[in-house]
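Only one structure is covered here, and it is reproduced in the block below.
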Amino acid sequence: MNIQYKPFDLILDIKNNNFSYTHSFTRKITETDEDIEKLQNKAASFKKNVKKLKRYSAGGISRDLLETQVDDLLKSYNDMKNSSSKVTDEDVQKQLSKLEKLFSENENKLKKIGVENINGRYVLDSKTFSNVSEKAINTLFEGHDSFIGQIDKIMRKVDETTSDAQYDINEYKVNQTHKYNEKDMTLAALITLAGQTTSTLISIDDMVQSGQLSDTDAQKSMKTLLPIFAQSIYNTDSTIKNENVDSLNKLCLQQKEQLAKIGLTFDSGQKNMIFDASIDMTTADFRNAYHSLFGKNASFGKAASEYCKDIFNDILQPDKIGVSIIDAQA
């Protein structure tokens with residue numbers, strides 16, 4: 001879950017951290033299991049030798065060539081078994097255990113043709129093999145359910161399980177620091193203030209329309225809000241090129257006449273918005289202009305509020321730093 005911030009709290013946090021924000025997140029990375037890959041390479045060699053012997057038929061191959069094939073089978077099995085020692089996947093190890101058990105169960109038959117387990121490695125005694133009967137060889141290598149046939153079945157499962165275990169999804173905790181420009185953060189603070197002030201001005205439209213601004217205290221409050229609005233909503237010296245800033249400034253200039261009726265004017269160069277504190281707030285012109293700008297359904301107030309949120313998001317980029325913003329304008 002993202003950390004939640006009120007806009008000004010996030011701005012202050014960034015300012016106090018030398019205009020930067022560091023956040024942590026978990027990144028999932030798909031990685032190849034090197035131990036599985038090594039096993040797959042050795043298994044490919046072993047399967048190749050299994051296939052050669054699976055084609056065996058009595059009298060269809062010379063004894064010398066058969067001896068070579070059996071010797072190759074044992075060497076490739078030993079290599080594959082050795083490469084599996086670091087594999088941790090349970091399904092893969094289960095199939096390899098079946099293979100090891102198959103060799104053990106056929107130990108007597110294998111000995112008859114000269115195959116023995118010496119210090120964990122299977123070796124072929126050439127002299128014994130050369131004198132073995134055809135029947136002893138046929139028992140191991142002929143038929144679908146023969147020793148070699150069963151090896152072939154198990155290796156198909158080894159293929160399947162190693163493919164499933166080949167890739168791991170690993171999670172890593174990553175710290176990322178996002179740097180900010182000090183002037184841009186000043187703009188973010190101003191625009192946040194503008195958004196909150198706009199929200200307040202909208203919320204008191206009913207009071208303005210009811211004529212309560214004839215009260216001195218109510219006028220003092222309004223004369224506090226409107227200068228804040230003027231100073232924060234209109235920004236022409238931004239260090240960033242931002243379409244939303246330009247659009248908000250343009251929106252203000254488009255409402256130049258109505259804004260003037262509530263005491264908000266622009267200097268000759270249109271660089272700043274200024275509040276005229278001498279404006280008469282008790283007139284119908286003031287009330288009507290105010291309502292057209294900040295009435296609950298007024299397009300100016302709504303658009304200004306949205307632009308303020310967009311500009312804040314443009315500068316702070318909450319999504320990129322893993323935070324969510326509590327809407328202070330709501």
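Hydrogens, waters and symmetry mates play no part in the numbers below; they use all other heavy atoms, side chains included.
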Can you sort out the partners of D159 under salt bridge (Lys or Arg N to Asp or Glu O under 4.0 Å), two or more places apart, ordered by chain and number?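 Partners of D159 under the salt bridge (Lys or Arg N to Asp or Glu O under 4.0 Å) test: K47.
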Using ring centroids (six-membered ring only for Trp), state whether Y234 and F229 fall under 6.0 Å.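 When the ring centroids of F229 and Y234 are compared, they turn out to be at least 6.0 Å apart.
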Would you please indicate if the ring centroids of F46 and Y77 are separated by under 6.0 Å?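 Centroid separation for F46 and Y77: below 6.0 Å.
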Is any side-chain heavy atom of [X] less than 4.5 Å from a side-chain heavy atom of [Y]?
| X | Y | value |
| --- | --- | --- |
| L10 | Y21 | yes |
| N117 | F103 | no |
| F266 | T236 | no |
| D152 | R156 | yes |

Set of ring-ring contact (aromatic ring centres under 6.0 Å, His included) partners for F141, sequence neighbours left out: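 F141 satisfies ring-ring contact (aromatic ring centres under 6.0 Å, His included) with no other residue.
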State whether a side-chain donor-acceptor pair under 3.5 Å links [X] with [Y].
| X | Y | value |
| --- | --- | --- |
| Q93 | S84 | no |
| T282 | D280 | yes |
| E31 | N170 | yes |
| D314 | N244 | yes |
| T26 | E171 | no |
| D205 | Y290 | no |
| S76 | N49 | yes |
| D276 | S278 | yes |

Just wondering, more than 12 heavy atoms not from K75 lying within 6.0 Å of its NZ?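 Counting neighbours around NZ of K75, 12 or fewer heavy atoms of other residues, nucleotides or ligands fall under 6.0 Å, so no.
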Take atom NZ of K296 as the centre, draw a 6.0 Å sphere, and report whether it contains more than 12 heavy atoms from other residues, nucleotides or ligands.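 Enclosed.
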Atom pair CG/NZ of L102 and K98 - distance to nearest 0.5 Å: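 Here the interatomic distance stands at 11.5 Å.
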With a 4.0 Å cut-off, would you call E134 and R63 a salt bridge?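 Looking at R63 together with E134, the answer is yes, because their closest N to O distance falls below 4.0 Å.
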Applying the side chain to side chain contact (heavy atoms under 4.5 Å, CB included) criterion to I36, which one of V92, D168, T161 satisfies it?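 Exactly one option meets the side chain to side chain contact (heavy atoms under 4.5 Å, CB included) with I36, and it is V92.
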